[in-house]
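Read the structure below first, then the notes.
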Amino acid sequence: MKPSIPKGTRDFSPEEVNKRNFIFDTIREVFVRYGYQPIETPAMENLSTLTGKYGEEGDKLLFKVLNNGDFLAKADEQALAARDSSQLVSSISKRGLRYDLTVPFARFVVMRQHEITFPFKRYQIQPVWRADRPQKGRYQEFYQCDVDVVGSDSLVYEAELAQIYDEVFAKLGLEVTIKINNRKVLAGIAEAAGIKDAFMDMTIAIDKLDKIGMEGVEKEMQGRGIPEAAIEKVKTILKAKNLEELKLQFTDSQIGLKGVEELESVFDYLGIGESTNEIVFDITLARGLSYYTGCIFEVQAKGVQMGSIGGGGRYDDLTGVFGMPGTSGVGVSFGAERIFDVMEELKLFPEDSATRLKAVFLAFDEASHRYAFRCLRQVRAAGINAEIYPEPTKMAKQFKYVDKRNAPFAVVIGSNEMASGQLAFKNMRTGEQEGLRLEEIIERLREEERI
RNA sequence: GUGGUUGUAGCUCAGUUGGUUAGAGCGCUGGAUUGUGGUUCCAGAGGUCGCGGGUUCAAAUCCCGUCUUCCACCCCA
């Protein structure tokens, strides 16, 4: 048979795994610095945990796991006869692959509410699965790196999460724009325009502003049946350049004012000019996930065509659906795959010296091959990444291998070297070669390590 | 999920209105060079033309289905 992998999934080569680990390590390091603790949850959740949490569209994108055994024997006969897939699902599948890390986290918090100290700060780096149609930067299996705080409504955490975004991308050398908005501001716009009922329709339209322009947004709202007068009001509000101007538009919207105040408070915590990346208020930022209620975040990479590489926000009642009401949470997510793709495109990955092979031992004959293997042991014991060519064949062939492995040094041993103890130490880049004792070689390789 | 797009050697790609044995560059293997890689020269290996069906005397080429890739929509990391 012809080998293949499912659509939207990928294998990773050693080089790619090293690069991905660089991203994960950087993110994890920052999370830990800010006092977040790791948890992990299963790849599979009970379907009942997942369904209904991501809207109707989300349910369609959930991967369902078929029940084991003779699942059809227990299937809903009516649904089966009617060829009604959505009706049938509950009787043939009780589990599904997790769709994000937030909902499993909420489930986790509720199950362990009595052993958790609040505010609980956790991070989680694991893959999630979505049955989306794949595109560039969009996969069916991808890693998310989530940080959330649950059990506090302090806006200091919004500021902290913005700092985490800033710090991680600064460390990765990736220039980004960190956009912040507040769901209450959007609600305020709807309230001020007198279209509270059409909040979702309005939000979806506003979200597309940078893509389709003001005219497009207007058409979109018209198409969604929003009255002309309300559209004019929305357009006026959207022209507000900053939070001060926006405030003036919200004289008759309590919720809108509250949203602006929250944003002011976050920016106050952050201070001015203390970040590496731009952290900006963006009134057009909407985000789909319906459970957001306060501040919302999104990160856009500069200089590349790519969707958002991170997003998140505040949810006042994160754990309510699992029977623990009134607990507020705020968190953000890093999209590792997209960060990888962007960094690859911009060639931002550093030469990885920690995982790099430093030296390869080569030998001319059986006796020196054994001798080389014993030398190798000492080199490795000194903490230097090194290996030996598996057999003493023709030198040209062995050197080609060293070249391919991109190792900076080769140590060549034959009968002369064994007799004198002066091993041939060759710099692969310059081609220079000198006779050195093993201890001297180890010292040289150690110096190299530090560079 | 809707509409479109892509697939030919390990990689990047040619392949005419359907017509002999499907090509190139790079890479790979061997040799020139029996104690030294990268450069050069010579030789060689490597292909179910994504998969399945159909039309035809004849299909990489035309038609249908399917899988995959990418794009737009939807949604999102």
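What's counted below: heavy atoms across the whole structure, side chains too, no hydrogens, waters or symmetry copies. We name chains A, B, ... by the order of the sequence lines, and we start the count at 1 in each one. Note that the structure is a prediction, hence the values are computed from the model and not measured.
- A cation-pi arrangement is found for A/Arg20 relative to A/Phe12, the charged atom lying closer than 6.0 Å to the ring centre and inside a 45° cone about the ring normal.
- B/U16 sits 14 Å from B/G23 when the C1' atoms are compared, rounded to a whole Å.
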Read 5' to 3' with Watson-Crick or G-U pairs under 3.5 Å, [ ] for crossing pairs and | for partners on another strand, RNA chain B gives ((((..(..((((.....[...)))).(((((.......))))).....(((((..]....))))))..))))....
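- Heavy atoms of A/Tyr139 sit under 4.0 angstrom from at least one base atom.
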List, with names and distances, any nitrogen or oxygen atoms from the protein found under 3.5 Å away from nitrogen or oxygen atoms belonging to nucleotides 42-51 of chain B.
unit_1: B/G50; atom_1: O2'; unit_2: A/Lys2; atom_2: NZ; d: 2.8

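- Between A/Gln135 and A/Ala131, the residue anchored nearer the 5' end of RNA chain B, judged by the nucleotide with its closest heavy atom, is A/Ala131.
- Geometrically, A/Arg444 does not engage A/Phe409 in a cation-pi contact, judged by NZ or CZ lying under 6.0 Å from the ring centre and within 45° of the ring axis.
- Look at A/Phe142 and the base of B/A77; the rings stack, centres closer than 5.5 Å and planes less than 30° apart.
- With hydrogens and angles left out, the side chain of A/Arg138 and the base of B/C75 share a donor-acceptor pair within 3.5 Å.
- Side chains of A/Asn181 and A/Tyr292: a donor-acceptor N/O pair is absent below 3.5 angstrom, by distance only.
- Nucleic acid contact for A/Gly8: sugar-phosphate only, since backbone atoms but no base atoms lie under 4.0 Å from a heavy atom of the residue.
- A side chain to side chain donor-acceptor pair (under 3.5 Å) with A/Tyr401 holds for exactly one of A/Lys404, A/Arg405, A/Gln398; it is A/Arg405.
- A/Phe281 and A/Phe267 have their aromatic ring centers separated by at least 6.0 angstrom.
- The separation between A/Arg98 atom CZ and B/C76 atom C1' is 18 Å, rounded to whole Å.
- Across all strands, A/Gly137 comes closer than 4.0 Å to base atoms (heavy-atom distances).
- For the residue pair A/Ser368 and A/Asp365, a side-chain donor N or O sits within less than 3.5 Å of a side-chain acceptor on the partner.
- Judged by distance alone, the side chains of A/Asp282 and A/Thr284 do bring a donor and an acceptor atom under 3.5 Å apart.
- Side chain A/Arg133 to base B/U2: a donor-acceptor pair is found below 3.5 Å.
- Atom-to-atom, CD of A/Gln300 to P of B/C76 comes out at 14 Å; the value is rounded to the nearest Å.
- One finds no side-chain N or O of A/Lys60 lying less than 4.0 angstrom from the OP1 or OP2 phosphate oxygen of B/G1.
- The separation of B/A22 from B/G18, taken at their C1' atoms, amounts to 14 Å, rounded to a whole angstrom.
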Summarise how protein sits on nucleotides 26-39 of chain B as a single string, 5' to 3': B when a protein heavy atom is under 4.0 Å from the base, S for sugar-phosphate-only contact, - for no contact. --S-SS---BBBB-
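- Aromatic ring centroids of A/Phe361 and A/Tyr371 lie 6.0 Å or more apart.
- If you measure from atom CG of A/Asp59 to atom C1' of B/C75, you get 14 Å, rounded to the nearest angstrom.
- In this model, no donor atom of one side chain and acceptor atom of the other lie less than 3.5 Å apart for A/Asp317 and A/Thr319.
- Geometric assessment of A/Arg10 against the ring of A/Tyr139 yields a positive cation-pi assignment under the 6.0 Å and 45° thresholds.
- When ring centroids are compared, A/Phe349 and A/Phe340 come within the 6.0 Å threshold.
- Between A/Tyr34 and A/Tyr123, the distance from one ring center to the other does not fall under 6.0 angstrom.
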